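Reading through the structure tokens given below for one structure.
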Amino acid sequence: MLRYLPFLLVLALWIYAFIDCLNTPEEEVRHLPKVVWVIIVLLFGEVLIGPVAWLAVGKVRKGARDGSGGAPSERRRGDKQRWVAPDDNPDFLKSLEDETASSGTGGEDESMMKDWEADLRRREEELKRREDGPGDSVPPKS
């Protein structure tokens with residue numbers, strides 16, 4: 001099985017270079033017309049000269065296209081729009097503030113909280129009365 005591995009690797013590189021050459025727009029092909037590159041990849045694919053030449057010099061690569069070249073870490077970080085977490089996104093935070101202001105729920109929340117606290121106090125007093133027993137009950141405060 002291992003004796004077929006070099007042949008399969010050459011075939012895979014050949015196919016990859018051929019498909020890459022066909023799918024590359026004419027504006028991104030360097031040094032020769034696209035048709036000539038396709039012929040070179042097909043004719044010299046068996047000895048790897050065609051595919052390696054195409055991959056090395058035939059196509060404008062992404063790093064060379066924007067003029068910066070180099071590794072991705074050396075490129076400008078502002079080129080792509082990055083995803084921002086909601087708590088770091090000023091537009092999202094502003095929309096929350098607008099939503100809160102437009103709904104006018106500030107007073108409603110406070111009154112609801114006071115009602116819950118009053119209900120909680122009432123229930124606590126009822127529990128204390130039950131624990132103290134029926135004879136020791138204190139009249140409820142209202």
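Computed from a predicted structure; not experimentally measured. Below, each value reflects all heavy atoms present in this structure, side chains not excepted, and no hydrogens, waters or symmetry copies.
- Residues satisfying the side chain to side chain donor-acceptor pair (under 3.5 Å) criterion with Asp20, sequence neighbours excluded, are Trp54, Lys59.
- Distance check: Lys34 NZ to Asn23 CG gives 7.0 Å after rounding to the nearest 0.5 Å.
- Under the 4.5 Å side-chain contact rule for hydrophobic residues, Leu2 and Leu9 share a cluster.
- The CD atom of Glu124 sits 8.0 Å away from the CG atom of Leu127 when rounded to the nearest 0.5 Å.
- Remark: Ile19 CD1 to Cys21 SG distance equals 11.0 Å, nearest 0.5 Å.
- In this structure, Glu26 CD and Glu28 CD are separated by 10.5 Å, a value rounded to the nearest 0.5 Å.
- The shortest heavy-atom contact between Gly50 and Val41 is O-CG2, 3.8 Å.
- Using a 4.5 Å heavy-atom threshold, the side chains of Val52 and Leu13 count as touching.
- Annotation: side-chain contact (heavy atoms from CB on, under 4.5 Å) contacts of Val10 (sequence neighbours excluded): Leu48.
- Rounded to the nearest 0.5 Å, atoms CD1 (Ile39) and CH2 (Trp37) are 12.5 Å apart.
- Scanning for side-chain contact (heavy atoms from CB on, under 4.5 Å) contacts around Asp119 gives Arg122, Arg123, with sequence neighbours left out.
- Atoms CD1 and CG, from Ile49 and Leu43 in turn, are 11.5 Å apart once rounded to the nearest 0.5 Å.
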